[in-house]
A.B. asks: 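The structure under discussion is supplied below as structure tokens; questions concerning it will follow.
Keep in mind that this is a model prediction, so the values were computed, not measured.
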Amino acid sequence: MAVAAENQSQPPQNDLPYVLILKPPAAFSIFGDHFFHSPKFQFLKAFESPLPLSQFLLTHAQSVQAILTSASGSVTADTIRLLPHLGLVVTTSQGINHIDCSECRRRGIAVAGAGTIFSTDCADSAVGLLLDVLRKVSAANRYVKQGLWSSQGNYPLGNKLGGKQVGIVGLGSIGTEVAKRLEAFSCSISYNSRSKKPSVPYTFYPNVVELAVHCDALIICCALTDETHHLIGKEVLSALGKDGVIINIARGPIIDEKELVQCLIKREIRGAGLDVFEHEPDVPVELLALDNVVMSPHNAVCTTESLEELRKTVVGNFEAFFSNEPLLTPVPLDDLPHLSARKQQKVQCFITINMAFLGLQKVDRFSGKGNGSIS
């Protein structure tokens, strides 16, 4: 058994650079672990080793030059500090809240994400959920399948989407695509974002409560940050009102889920379309019996086409990095909205005892620029 454990902890023996995977991305379960294969690098799979993660990382500290992660796999400061030659973190997700970007910035480590690959699919899902809630598509489908149409008559009427006032929280690439689609329904668009965007014709509200007051539906498209955690709570939901609908295709913790459940049960809002939840994959049991709630299992971004594009982007980022060329989808680290000022001040810049003991030096491998900047 000891020999087997030792063998599993050893990386493949060839000259290709190593990319560490802490947890397998969802694409592995769909397509297999060859999905991101490339002849220019090889994977070091921590999740296949019987060793504790800290021991595994110390064992391979000198080998790892890059990390592949996903939304379910956190790349913490502690992990980063154990990997002195780490130069790149690539995530398969559009969000980066699972990566300690402050530590990456201090260490000169580049970060690459999915870019805007998922924006159109996510926007399609957002509008689909909104249509479903308003027109009661899923609920009416269950009504027919349960044989209730013939015994209980016509299903209650839904509401039209056309002409509705829709507020978008977070007018980034996804929010912008949502707005484009809703314009086709003659909806009146307003939004809340970190700052007003002069180039768009939509009404800007600096406060989410004020945005909710002026909306029939609120669509959450923003990133999960310290500031947006539980951004949507009782006050916002009350402002949305009993005829309001909320859609979330961003991250579950942006909404205070307990407050949302109570508002839905008490019919203090009309309904909700949820692709994400606060404690995934656990879903509040109270929601399962509500016909005014439509849910999907955090797959708004996933289509066959988008995952193929993701494969090309992930592999392309690693190949660019190991060839000293510019990254395909670099994440700018100069501005870090994912960390509050309070947290940024608390995080100290230091090198761990392990790194000092090993005499480790940072390798300057970036997006092809000699000064380590990210374009």
Side-chain angles (χ1 to χ4, degrees), residues 118-149 152 154-170 174-175 177-179 181-182 184-185 187 212 215-222 224 231-233 236-237 240-303 306:
F118 299 126
S119 297
T120 55
D121 288 334
C122 213
D124 289 347
S125 291
V127 176
L129 286 170
L130 180 56
L131 270 169
D132 197 331
V133 175
L134 289 173
R135 296 302 304 271
K136 304 181 179 181
V137 178
S138 293
N141 176 61
R142 289 190 295 272
Y143 189 79
V144 173
K145 287 186 173 182
Q146 291 168 2
L148 301 177
W149 188 11
Q152 297 188 23
N154 291 331
Y155 193 74
L157 298 176
N159 299 93
K160 67 184 299 180
L161 173 57
K164 287 287 189 292
Q165 298 183 32
V166 181
I168 299 173
V169 181
I174 295 174
E177 291 295 333
V178 171
R181 285 152 176 75
L182 292 174
F185 289 89
C187 291
C215 290
D216 301 307
L218 201 61
I219 301 181
I220 313 302
C221 300
C222 62
L224 175 60
L231 175 68
I232 311 300
V236 174
L237 294 169
L240 189 58
K242 63 182 181 62
D243 293 325
V245 171
I246 191 160
I247 305 295
N248 191 5
I249 43 81
R251 287 289 187 269
I254 295 172
I255 297 179
D256 186 333
E257 198 164 76
K258 290 183 179 179
E259 291 291 351
L260 175 62
V261 168
Q262 290 305 307
C263 286
L264 288 166
I265 290 174
K266 297 175 182 178
R267 303 283 171 163
E268 292 176 352
I269 62 174
R270 184 187 299 278
L274 306 172
D275 180 62
V276 291
F277 304 87
E278 191 160 0
H279 304 290
E280 295 175 359
D282 296 327
V283 175
V285 64
E286 297 93 335
L287 299 181
L288 303 181
L290 298 178
D291 275 346
N292 61 336
V293 180
V294 179
M295 297 177 285
S296 53
H298 199 155
N299 66 351
V301 302
C302 295
T303 63
S306 65

A.B. asks: Residues in salt bridge (charged side-chain N to carboxylate O under 4.0 Å, His left out) with D124, at least two apart?
C.D. replies: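 Salt bridge (charged side-chain N to carboxylate O under 4.0 Å, His left out) check on D124 returns R181.
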A.B. asks: Supply the atom-to-atom distance D216 CG to L161 CG, rounded to the nearest 0.5 angstrom.
C.D. replies: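 Nearest 0.5 Å value for the CG-CG distance: 10.0 Å.
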A.B. asks: Can you list every pair that meets side-chain hydrogen bond (donor to acceptor under 3.5 Å, both in side chains) and has a residue in residues 249-268, with sequence neighbours left out?
C.D. replies: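 Sorted pair list: K234-E268.
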A.B. asks: Distance from K242 atom NZ to C263 atom SG, nearest 0.5 Å?
C.D. replies: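 Interatomic distance, K242 NZ to C263 SG, rounded to 0.5 Å: 14.0 Å.
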A.B. asks: Report yes or no: does S138 contribute a side-chain atom to a donor-acceptor pair with the main-chain N or O of D132 at less than 3.5 Å?
C.D. replies: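 No.
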A.B. asks: Any pair with a residue in residues 255-296 that passes ring-ring contact (aromatic ring centres under 6.0 Å, His included), sequence neighbours left out, goes on the list, sorted by first then second residue, please.
C.D. replies: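 Counting only pairs at least two positions apart or across chains, no ring-ring contact (aromatic ring centres under 6.0 Å, His included) contact touches residues 255-296.
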A.B. asks: Could you walk me through whether V166 and I219 pass the side chain to side chain contact (heavy atoms under 4.5 Å, CB included) test, one step at a time?
C.D. replies: CA-CA 7 Å; V166 181; I219 301 181; 3.8 Å; yes
A.B. asks: Tell me the closest heavy-atom pair linking A212 and L218, and the distance in Å.
C.D. replies: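 Of all heavy-atom pairs spanning A212 and L218, the closest is CB-CD2, 4.3 Å.
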A.B. asks: Can you name the nearest heavy-atom pair linking V178 to C221, along with the distance?
C.D. replies: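 Shortest heavy-atom separation between V178 and C221 comes out as CG2-SG, 4.1 Å.
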A.B. asks: Of all residues at least two apart in sequence or in a different chain, which pass the side chain to side chain donor-acceptor pair (under 3.5 Å) check with N299?
C.D. replies: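 Partners of N299 by the side chain to side chain donor-acceptor pair (under 3.5 Å) criterion come out as none, since no residue qualifies.
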A.B. asks: Starting at SG of C122, measure out to CD1 of I249 and round the result to the nearest 0.5 Å.
C.D. replies: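 Taking SG in C122 and CD1 in I249, the distance rounds to 4.0 Å.
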A.B. asks: Could you check if a side-chain atom of Y143 sits within less than 4.5 angstrom of a side-chain atom of Q152, using non-hydrogen atoms only?
C.D. replies: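 Counting from C-beta outward, Y143 and Q152 do come under 4.5 Å.
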A.B. asks: Closest heavy-atom contact between E177 and A123?
C.D. replies: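 Looking at all heavy atoms of both residues, the closest pair is CB-CB, 3.5 Å.
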A.B. asks: Of all heavy-atom pairs between D275 and S296, which one has the smallest distance, and what is that distance?
C.D. replies: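 It is OD1-OG, 2.6 Å.
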A.B. asks: Measure from the side-chain N and O atoms of N248 to the backbone N and O of V276, and report whether any donor-acceptor pair falls under 3.5 Å.
C.D. replies: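 No, N248 side chain to V276 backbone: no donor-acceptor pair under 3.5 Å.
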A.B. asks: If you round to the nearest 0.5 Å, how far is CD1 of I255 from CG of L237?
C.D. replies: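 Output value for this atom pair is 7.0 Å.
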A.B. asks: First locate atom CD1 of I246, then atom CD1 of I220, and finally report the distance between them rounded to the nearest 0.5 Å.
C.D. replies: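 Separation between the atoms: 4.5 Å.
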A.B. asks: Begin with the C-alpha distance, continue with both residues' side-chain angles, and end with the deciding distance and a verdict on side chain to side chain contact (heavy atoms under 4.5 Å, CB included) for L131 and V137.
C.D. replies: CA-CA 8 Å; L131 270 169; V137 178; 5.8 Å; no
A.B. asks: Please test I254 against C222 for side chain to side chain contact (heavy atoms under 4.5 Å, CB included), starting from the C-alpha separation and ending with a verdict.
C.D. replies: CA-CA 8 Å; I254 295 172; C222 62; 3.7 Å; yes
A.B. asks: Roughly how far, to the nearest 0.5 Å, is CG of L274 from CG of L129?
C.D. replies: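 L129 atom CG to L274 atom CG measures 8.0 Å (nearest 0.5 Å).
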A.B. asks: For L231 and V236, run side chain to side chain contact (heavy atoms under 4.5 Å, CB included): C-alpha distance rounded to whole Å, both residues' side-chain angles, the deciding distance at 0.1 Å, then the answer.
C.D. replies: CA-CA 8 Å; L231 175 68; V236 174; 5.8 Å; no
A.B. asks: Show me, pair by pair, the donor-acceptor contacts under 3.5 angstrom made by side chains of residues 281-292, not counting sequence neighbours?
C.D. replies:
unit_1: D291; atom_1: OD1; unit_2: R142; atom_2: NH2; d: 2.9
unit_1: N292; atom_1: ND2; unit_2: R270; atom_2: O; d: 3.2

A.B. asks: List the residues meeting side chain to side chain donor-acceptor pair (under 3.5 Å) with E280, not counting sequence neighbours, and say none if there are none.
C.D. replies: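 With sequence neighbours excluded, E280 shows a side chain to side chain donor-acceptor pair (under 3.5 Å) to H298, given in chain and number order.
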